[in-house]
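Worksheet: one structure, shown below.
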Amino acid sequence: MTVRIGITVFPGSNCDRDAMHAVGVLGRMGAEAVELWHADADLKGVDAVVVPGGFSYGDYLRPGAIARFANVMGEVERFAADGGPVVGICNGFQVLTEAHLLPGALLQNTSLRFVSKRVRCRVERTDTPWTAACGVGEELVLPVAHNEGNYFADAATLARLEDEGRVVLRYVDNPNGSVNDIAGVCSEGRNVVGIMPHPERVSDDDLGSAEGLKILASVLVGAAV
């Protein structure tokens with residue numbers, strides 16, 4: 001069975017090629033990468049969608065604020081509403097919060113500096129299509145590279161996220177000041193996930209680590225059920 005994984009491409013995206021490569025690595029497990037151009041309102045029949053990192057539309061206004069109005073995003077929103085698995089990575093996470101597919105917002109890092117390094121993250125939930133191949137409590141070392149990665153939600157939203165078990169990934173060493181050390185959250189239906197770390201950048205031993213494949217391969221585990 002081939003699982004077609006769509007990867008959106010916005011002007012300014014700089015991790016779409018990395019995501020294409022990572023999905024290509026998963027080709028031996030049955031994954032096929034499909035490019036989804038921002039101006040096309042067409043998901044080309046994909047089974048899952050990755051909204052990758054980068055600086056969509058140059059981060060004008062604020063990160064993700066313009067990309068959420070791209071033609072392809074209307075289809076992504078309909079796909080998500082129908083239960084389709086969607087993951088937003090870094091700028092993609094920002095796009096999904098701007099599109100209200102995920103709660104909260106990503107603020108400027110508390111250090112007021114761009115952060116680029118590898119950090120330890122703990123998997124909190126495995127009942128999402130993007131963490132099903134991980135173990136609860138498992139620690140992954142993943143790269144982060146962002147200026148606005150400081151996750152924020154108001155007290156009521158934060159309490160709901162925690163009560164409903166929707167914090168998917170948590171920093172062990174918080175690099176940006178995110179509330180409750182949150183590195184990733186999921187939607188109420190659990191099919192939409194947003195994370196700030198970049199699993200696609202550690203998807204091949206030639207890149208120094210393949211730990212990120214556990215995140216991206218998870219959607220294949222779900223497809224096989």
Side-chain angles (χ1 to χ4, degrees), residues 5 7-10 12-26 31 33 48-56 59 63-64 67 86-97 102 104 106-126 128 130-135 137-152 167-186 193-219:
I5 301 177
I7 298 157
T8 60
V9 181
F10 304 106
S13 296
N14 66 6
C15 294
D16 48 303
R17 296 299 109 180
D18 296 336
M20 295 283 284
H21 173 78
V23 173
V25 173
L26 294 174
V49 173
V50 175
V51 184
F55 299 88
S56 58
D59 278 357
V86 178
V87 65
I89 300 169
C90 196
N91 188 239
F93 188 5
Q94 296 160 341
V95 174
L96 297 183
T97 58
L102 291 171
L106 282 307
L107 308 181
Q108 189 172 23
N109 301 338
T110 52
S111 65
L112 304 182
R113 294 185 176 184
F114 191 92
V115 174
S116 179
K117 61 181 180 179
R118 296 191 179 193
V119 299
R120 289 189 298 148
C121 300
R122 185 174 62 249
V123 177
E124 298 287 271
R125 305 293 303 193
T126 59
T128 84
W130 300 99
T131 51
C134 303
E138 180 178 4
E139 288 191 8
L140 301 175
V141 178
L142 302 172
V144 294
H146 54 250
N147 193 56
E148 288 90 3
N150 176 5
Y151 184 80
F152 172 81
V167 176
V168 175
L169 208 61
R170 217 182 290 269
Y171 297 114
V172 176
D173 304 305
N174 191 337
N176 51 37
S178 290
V179 64
N180 287 14
D181 299 323
I182 289 174
V185 299
C186 68
V193 170
I195 60 174
M196 282 312 291
H198 286 269
E200 79 284 4
R201 293 188 180 182
V202 281
S203 60
D204 192 322
D205 286 332
D206 288 341
L207 299 173
S209 171
E211 285 196 29
L213 282 183
K214 291 185 177 179
I215 299 288
L216 298 169
S218 289
V219 75

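If you read the sequence from its start, that first residue is 1, and numbering goes on from there.
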Roughly how far, to the nearest 0.5 Å, is [atom2] of [Y] from [atom1] of [X]?
{"X": "R118", "Y": "L142", "atom1": "CZ", "atom2": "CG", "result": "9.0 Å"}
{"X": "I215", "Y": "S203", "atom1": "CD1", "atom2": "OG", "result": "12.0 Å"}
{"X": "N150", "Y": "L107", "atom1": "CG", "atom2": "CG", "result": "5.0 Å"}
{"X": "N174", "Y": "N180", "atom1": "CG", "atom2": "CG", "result": "10.0 Å"}
{"X": "H146", "Y": "L106", "atom1": "NE2", "atom2": "CG", "result": "8.0 Å"}
{"X": "E200", "Y": "L207", "atom1": "CD", "atom2": "CG", "result": "10.0 Å"}

R170 vs D181, salt bridge (charged side-chain N to carboxylate O under 4.0 Å, His left out): CA-CA, chis, key distance, verdict: CA-CA 5 Å; R170 217 182 290 269; D181 299 323; over 6 Å; no
Donor + acceptor pair across side chains of S111, N109 (<3.5 Å): no
Modelled atom types, side-chain donor and acceptor of N91 and S56, under 3.5 Å: yes
Under 3.5 Å, is there a donor-acceptor pair between the side chain of [X] and the main chain of [Y]?
{"X": "S209", "Y": "V202", "result": "no"}
{"X": "T131", "Y": "C134", "result": "no"}
{"X": "E139", "Y": "V172", "result": "no"}

Between [X] and [Y], what is the shortest heavy-atom contact and its length?
{"X": "C90", "Y": "A145", "answer": "SG-O, 3.5 Å"}
{"X": "A210", "Y": "D205", "answer": "CB-OD1, 3.6 Å"}
{"X": "G184", "Y": "F93", "answer": "CA-CE2, 4.5 Å"}
{"X": "H198", "Y": "C15", "answer": "CE1-SG, 3.7 Å"}
{"X": "P197", "Y": "A183", "answer": "CD-O, 3.7 Å"}
{"X": "S218", "Y": "W130", "answer": "CB-C, 3.3 Å"}

Trace of the side chain to side chain contact (heavy atoms under 4.5 Å, CB included) decision for V86 with V49: CA-CA 5 Å; V86 178; V49 173; 4.2 Å; yes
Test side chain to side chain contact (heavy atoms under 4.5 Å, CB included) applied to F10 and D16, step by step: CA-CA 9 Å; F10 304 106; D16 48 303; over 6 Å; no
Considering only heavy atoms from C-beta outward, does the side chain of [X] approach that of [Y] to under 4.5 Å?
{"X": "V167", "Y": "R125", "answer": "no"}
{"X": "P199", "Y": "I89", "answer": "yes"}
{"X": "V123", "Y": "L169", "answer": "yes"}

Trace of the side chain to side chain contact (heavy atoms under 4.5 Å, CB included) decision for L216 with V23: CA-CA 8 Å; L216 298 169; V23 173; 5.6 Å; no
Member of K214, R120, R122 meeting the salt bridge (charged side-chain N to carboxylate O under 4.0 Å, His left out) criterion with E138: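 Only one option passes, and that is K214.
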Steps toward side chain to side chain contact (heavy atoms under 4.5 Å, CB included) verdict (L213, V25): CA-CA 9 Å; L213 282 183; V25 173; 3.8 Å; yes
